Amino acid sequence: MFKLAWRNLWRNKRRTIITAASVFFAVFFAILMRGFKHGVMVHLVDSVLHSYTGYVQIHKKGYWDNKTFEYSMTANDSVFTKIKEIKQVKGIIPRLESFSLASSGNKTKGVITVGIDPDLENEFTELHKKIVSGKYFTNKDTGVILSERLSKYLDLKVNDSIVLLSQGYHDMGANGIYKILGIVKLPASEFDNQMVYLPLPLAQDYYSAQGRITSIVVDLKNPQDMDKAIRKINKVINSDAYEMMSWKEMLIELYQQYLGNEGSGIIIMSLLYLIVGFGVFGTVLMLIAERRHEFGIMIILGMQRRRLIRLVGTELTFICMIGLLFGFLGSVPIVAYFHFYPIHMSAAMAKSYAAFGMEPILPTAWQLDYMLQQVYIVFGIVLVVLIYPLYSVYKLDLTKVMRR
Amino acid sequence: MEEQNKIHKLTIPQSRKLLPFGEAGWGLFSLSWKNIWRNKIRSLIIIFAIVFGVIGGVGIVAFMNGLFHQRIQMAIGNEVSNIQIHNSHFQSNKELNDTIIDISKLTSVLDTCKKIKAYSLRIKTVTMINSANNGEGIMLNGIEPEKEKKVTGIYKYLKEGNYFTDKRKNGILIGEKLAGKLKIKMRSKVVVTMQSASGNITNAAFKVIGIYKTNNSSFDGCNAYVRKSDLAAIIGFGSQTAHEIAISINNDNESSGLVASLKAKYNEDKLSIESWDEIMPELGLFTGVMNYILYIFMSIIFLALSFGIINTMLMAVMERVREIGMLMAIGMNKTKIFLMIMLETILLMLTGSIAGLIFSYVIVNLFGKYGINLSTVASGLSDIGFSSMVYPFLETEEYIKIVIMVLIAGIISSIVPARKALKLNPSEAIRKL
C-alpha cells in the first residue's frame with residue numbers, strides 16, 4: 001500500500017509539488033510569524049532582566065516579603081558553590097541590598113544602596129558601560145558610584161562626598177561618609193534617581209553585616225533553560241532555609257505583559273491558520289477534482305472505496321510530510337538570519353528605545369521547540385483539512401464522473 | 001475567420017452588439033460567467049480563499065487596534081489621564097512645596113475650555129504608610145472625589161468598600177496589592193508619615209474605607225487616595241493648593257493639540273503642561289513597536305494569501321487543461337483565453353471580497369461588543385489575577401484599504417497560473433487524461 005502510494009506521488013510530479021507547496025507555505029509562514037512575535041517579547045524581557053533583576057534569584061526564605069537584614073544570608077555557603085556547578089548556570093552574582101537616606105548639603109533623599117561584586121556584576125549587567133563620569137570601582141575601593149539623576153538632585157560630582165544613613169544588621173546604626181568614584185546613567189528613570197552602588201566589602205562594613213548578602217542572581221548560559229535550571233537548583237538547596245524565585249514571580253507586571261503577548265499571539269496565529277489551512281484545503285480539493293476520472297475507473301475496475309480512501313489518504317499524508325519537512329528546513333535559515341541579524345527600527349524609534357536601555361531591534365526567537373510546535377500544529381490542521389476531500393472521494397458519484 | 005464569426009453569432013443575441021465592448025467583449029464576459037457556474041466547487045474555493053484572506057487581514061488589524069487601545073485606555077483612564085499640569089519643578093523630585101502657582105487663574109481658564117470633559121485637582125506627596133505589621137513608601141494622592149470620578153476610573157475598580165461616600169474624616173482608599181503588603185483589610189487603621197509645609201515631619205491616622213484593584217498591580221501597590229481637604233489640613237496647605245491638575249478630554253487624539261493650545265494661551269514657564277504620551281513615554285514606545293509588528297504580520301499574511309491563491313489557481317487551471325485545449329483547437333486565440341481566465345478570477349475575487357467584507361464586519365462588531373477574553377487563551381493570566389479583555393475595532397477606511405489590498409494580491413497572484421495555461425500545446429492538451 002505504502003509503495004503504491006509513494007509511486008503514485010511521483011507519477012504526476014507537478015500535482016505533488018503544488019500540493020506539497022501549499023503545506024510548505026503553511027508551515028513556513030506559521031513558523032515565521034510565531035518567531036517574530038515571540039522574538040520581540042523575549043528581547044524585551046531579556047533587556048529588562050539584564051538591567052538588574054536577572055532570571056532567577058535566591059534569597060533566605062521569607063526575604064521577598066520582608067526585605068530586612070533579619071532575612072540575609074551568609075555569602076560563603078557551600079550551597080552557592082553547588083549551584084555554580086549546575087550545567088545550565090553561567091555564574092552567580094551576590095548582592096547586599098537595602099534602603100538608606102543619602103544626604104548632601106541640606107538635601108536628603110531615600111536611596112537604594114546595593115553592595116555588589118564589581119566584576120561579577122559587570123559580567124551580568126555591564127554596569128561599567130554606563131559610566132558617564134569618573135571610573136568604575138574595584139572590590140578593594142572605598143568609594144561609591146551614584147546614578148546620574150540622583151547625583152544631580154544632591155548636587156554631587158565625582159570626588160565629592162555623600163553621607164549615608166540607615167539601619168544595619170542586628171539593628172546596628174549604619175552611617176558613613178563616602179567618596180564618589182563614578183556616576184552611571186541608568187536607562188530606567190525610576191532607577192536612575194535612587195541608586196547608590198558600593199563594593200560588597202564596603203557595603204557589608206557600612207551595614208555591620210560582614211560576610212552577609214541579601215540576594216544571589218543566578219545567570220544562565222541559555223535563558224530557555226530556566227525551567228531546567230530551576231528544577232536542578234531545587235534539588236540542591238534546602239527549601240526550608242532558602243527561597244528561589246524566577247522573574248515571573250519577582251516582576252509580575254512584566255510577566256503580565258509576557259502572558260498578554262502569548263494570548264494575543266494565539267489569536268493572531270489562528271487567523272493565519274485560517275488562511276493557510278484553507279490554502280491547503282483548496283489545493284487538495286482541486287487535486288481530487290482533477291483525478292476524479294482516474295478514481296472512477298479504479299472503482300469500476302473493482303477497487304473497494306475504502307481501500308481507495310486509504311490509498312489516497314496515504315498519498316496525501318506523504319505529500320503533507322514532504323511539505324512539512326521542506327517548510328521547516330526552509331524556515332530555519334530565515335528565522336536564524338533574523339535572529340542574528342535582526343530588523344532595525346527607524347531612527348526615531350531607536351532614540352526612544354535607547355532611552356529605555358534596550359536595543360532597537362525586532363529579532364525572531366531562535367527556539368527549536370517553538371518551531372517544531374508549529375510543525376505539529378500545521379500537521380494537525382492538514383489532517384483535519386483532508387477529511388472533507390477524502391469523504392468526497394468516498395461518495396464519488398460514478399455516473400457523473402464517467403460521463404466524459 | 002468565418003468559423004469564428006459563426007460561433008460568435010450563434011451565442012450572442014442581436015441586441016448585445018450595441019454594447020460598448022461589442023460582440024467580442026460580451027462573448028468573453030458571458031463565457032467567463034458560464035464557466036464560473038459550471039464548476040461550482042472550484043469557484044467556491046477561490047471565493048472563500050479571498051473571504052478568509054479578508055477576514056484574516058481585517059481580524060489582525062482590528063485585534064491589534066483593540067490591544068493597543070486597551071493598553072492606552074487603561075493607562076489614560078486610571079493612571080495618567082489625557083493631560084497633566086504641574087509646577088515645572090515638581091516632576092523631577094516631587095517636592096512638597098512645588099505646588100501650582102496662580103491656580104485659580106488656571107482653573108478658570110480650564111472651566112471655559114470646551115474640549116475638556118473634566119479636570120480634577122490633586123495633592124501628591126511621598127509618604128510612609130504603616131500598619132500594625134508593616135510599612136511601605138507610597139504616593140499619597142489627595143483628591144476631590146466627585147471631580148475625580150469624572151477624570152479617572154479607579155472608582156469602577158473597587159473590590160470592597162466605597163469611594164468616599166462615607167463622609168467621615170480621614171478615610172483612605174488603597175490598592176489590593178498594598179493591602180496585601182501591609183497585611184490589612186477594610187476598616188484597618190494605618191498611620192501615614194509625611195513632610196509638612198513648614199518642613200517638619202508629621203503623621204496622621206487613617207481608616208481603610210475601600211480597596212481597589214486595577215490591571216496594573218504595580219500601580220495598585222504604590223498609590224493610595226484620601227480626601228484633598230483631609231490631606232491639606234494635615235500638611236498645612238490652603239484649600240486651593242494642589243500639585244497636579246489632571247484633565248480628561250472628549251477625544252483622545254486631541255491630547256497633544258490641546259496641550260499646544262493651552263501652552264500658547266497660558267504661557268507661563270513655571271508650569272509644565274504634558275500630554276499622556278510625554279508623561280508615559282513607554283506607552284509611545286508600545287505604539288511604535290505595535291506598528292512595526294503589524295507591518296511584519298500583514299506582510300506575512302499577504303504572502304501566505306498570495307501563495308495560497310497561486311497554488312489553488314495552478315491546480316484549478318491544470319484541471320481545465322482539456323477544456324482550454326479544446327478552445328484553442330477551435331480557434332480561440334491565446335489572449336482571449338487569458339482574458340477569459342482573468343475575468344473569471346476577477347469576478348470570483350470581487351464576490352469573495354464583498355462576502356469577506358460582510359463577514360469580517362459582522363465578526364469584528366460582534367467581538368467588539370462582547371470582547372475577547374485573553375485569559376481564556378493564556379491560562380497563566382487568570383492565575384496571577386490579571387484578566388484582559390480586548391475589544392477589536394476597525395475604521396471604515398481601514399476595512400476598504402484591506403479589502404483592496406487583498407483583491408490586488410489575489411489578482412496579481414492569478415496572473416502566473418493564467419499565463420501557464422497559455423503555454424499549453426492544444427493537441428497535447430486534448431489528449432490529456
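Per chain, numbering begins at 1; letters A, B, ... match sequence-line order. Everything numeric here is computed off the predicted structure, so don't read it as measured data. Below, all heavy atoms of this structure are taken into account, side chains as well, without hydrogens, waters or symmetry copies.
B:I293 touches chain A through its side chain: at least one heavy atom from C-beta onward sits under 4.5 Å away, while N, CA, C and O do not. For B:L305, the parts lying near chain A are the backbone and the side chain together; criterion is any non-hydrogen pair under 4.5 Å. No part of B:Q195 comes within reach of chain A, as not one of its non-hydrogen atoms sits under 4.5 angstrom from that chain. Proximity to chain A (any heavy atom under 4.5 Å) is shown, for B:K183, by neither the backbone nor the side chain. Looking at B:F63, only its side chain comes within 4.5 Å of chain A, counting heavy atoms on both sides. Looking at A:R15, the atoms closer than 4.5 Å to chain B (heavy atoms on both sides) sit in the backbone and in the side chain alike. Residue contact with chain A, scored on non-hydrogen atoms closer than 4.5 Å, is absent for B:F219. Neither the backbone nor the side chain of A:K152 comes within contact range of chain B, judged by heavy atoms closer than 4.5 Å. Contacts between B:I309 and chain A at a heavy-atom distance below 4.5 Å are absent for every atom of the residue. If you measure heavy-atom distances from B:M64 to chain A, the contacts under 4.5 Å come from the side chain alone.
Considering only heavy-atom pairs separated by less than 4.5 Å from chain A, the leading option among B:I300, B:I310, B:I55, B:V126 is B:I300. When the candidates A:L362, A:T19, A:I343, A:I268 are compared by the number of heavy-atom contacts under 4.5 Å with chain B, A:I268 comes out ahead. If you tally non-hydrogen atom pairs under 4.5 Å between each of A:K37, A:E294, A:K109 and chain B, the highest count goes to A:K37. Ranking B:V390, B:L314, B:L303, B:I41 against chain A, the residue ahead of the rest is B:L303, based on heavy-atom pairs under 4.5 Å. Taking A:F29, A:Y273, A:F99, A:Y258 one by one and counting their heavy-atom pairs under 4.5 Å with chain B, the maximum is reached by A:F29.
Side-chain contact between B:N311 and A:M286 is absent, with no heavy-atom pair separated by less than 4.5 Å. Between B:F48 and A:F281 the shortest side-chain heavy-atom distance does not fall below 4.5 Å. Side-chain atoms of A:M33 and B:I301, non-hydrogen and from C-beta on, do get closer than 4.5 Å to each other.
Within the model, atoms CD1 of A:I18 and OG1 of B:T312 stand 10.0 Å from one another, a figure rounded to the nearest 0.5 Å. Interatomic distance, B:F297 CZ to A:L32 CG, rounded to the nearest 0.5 Å: 10.0 Å. Rounding to the nearest 0.5 angstrom, the gap separating the CD1 atom in A:I267 from the CD1 atom in B:I372 is 4.5 Å. Note: A:I275 CD1 to B:F307 CZ = 14.0 Å, rounded to the nearest 0.5 Å. A:E290 CD to B:R42 CZ: the interatomic distance, rounded to the nearest 0.5 Å, is 11.5 Å.
In B:Y292, the OH atom is crowded: over 12 heavy atoms of neighbouring residues, nucleotides or ligands sit closer than 6.0 Å. For A:F326, the CZ atom sits in a loose shell: 12 or fewer heavy atoms of surrounding residues, nucleotides or ligands are nearer than 6.0 Å.
Residues that satisfy the side-chain hydrogen bond (donor to acceptor under 3.5 Å, both in side chains) test with B:N78, not counting sequence neighbours, are absent from this structure. Residues passing the ring-ring contact (aromatic ring centres under 6.0 Å, His included) test with A:F338 are A:F36, sequence neighbours excluded. Listed by chain and residue number, B:K181 satisfy the salt bridge (Lys or Arg N to Asp or Glu O under 4.0 Å) test with B:E136 (two or more places apart in sequence, or in another chain).
In terms of heavy atoms, A:L271 sits closest to B:G56 at CD1-O, 3.9 Å.
Listed by sequence position, A:A21, A:S22, A:F25 are the residues of residues 20-28 of chain A in contact with chain B, using a 4.5 angstrom heavy-atom cutoff.
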